[in-house]
Amino acid sequence: MNRLIDYFRIGPVFRYFINVFRKPDPSKPTSVNLRMMHGINRISILMFLFAVIVYTVRHCAR
């Protein structure tokens, strides 16, 4: 049963979402590739949330 609970644990996912939208740590080295990757991740997360909101509103409006 513990393996099943560990499999569906989503805490790390939410921590990643928080880390993506947080200001970068100045002590960590950054590169152009890393900044681009995080920028694309931000855009994709926002587009997904927008699509979920639109889908929910359309579904509830029926």
Side-chain angles (χ1 to χ4, degrees):
M1 188 66 178
N2 275 343
R3 291 180 67 198
L4 186 64
I5 291 172
D6 288 340
Y7 184 74
F8 286 108
R9 187 169 292 164
I10 58 173
V13 174
F14 290 120
R15 262 186 263 132
Y16 176 76
F17 287 156
I18 292 169
N19 286 339
V20 167
F21 290 104
R22 192 174 13 173
K23 285 183 110 178
D25 188 9
S27 66
K28 290 185 179 178
T30 60
S31 68
V32 174
N33 294 333
L34 188 63
R35 289 194 319 235
M36 289 293 188
M37 181 190 70
H38 285 296
I40 291 170
N41 284 348
R42 286 181 189 125
I43 292 169
S44 64
I45 289 168
L46 291 175
M47 286 177 60
F48 174 76
L49 291 176
F50 178 73
V52 167
I53 291 169
V54 168
Y55 177 77
T56 304
V57 168
R58 285 186 180 179
H59 184 73
C60 291
R62 288 186 190 183

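The chain is numbered in sequence order, starting from 1.
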Study note, to complete from the structure: Between the CG atom in Asn33 and the CZ atom in Arg35, the distance rounded to the nearest 0.5 Å is 9.5 Å
Pair up each side-chain donor or acceptor in residues 54-61 with any protein partner under 3.5 Å, not counting sequence neighbours, and list the distances.
unit_1	atom_1	unit_2	atom_2	d
Thr56	OG1	Val52	O	2.7

Check your understanding: When hydrophobic residues are tied together by side-chain contacts of less than 4.5 Å, even through go-betweens, does Leu46 share a cluster with Phe48?
Key -> yes
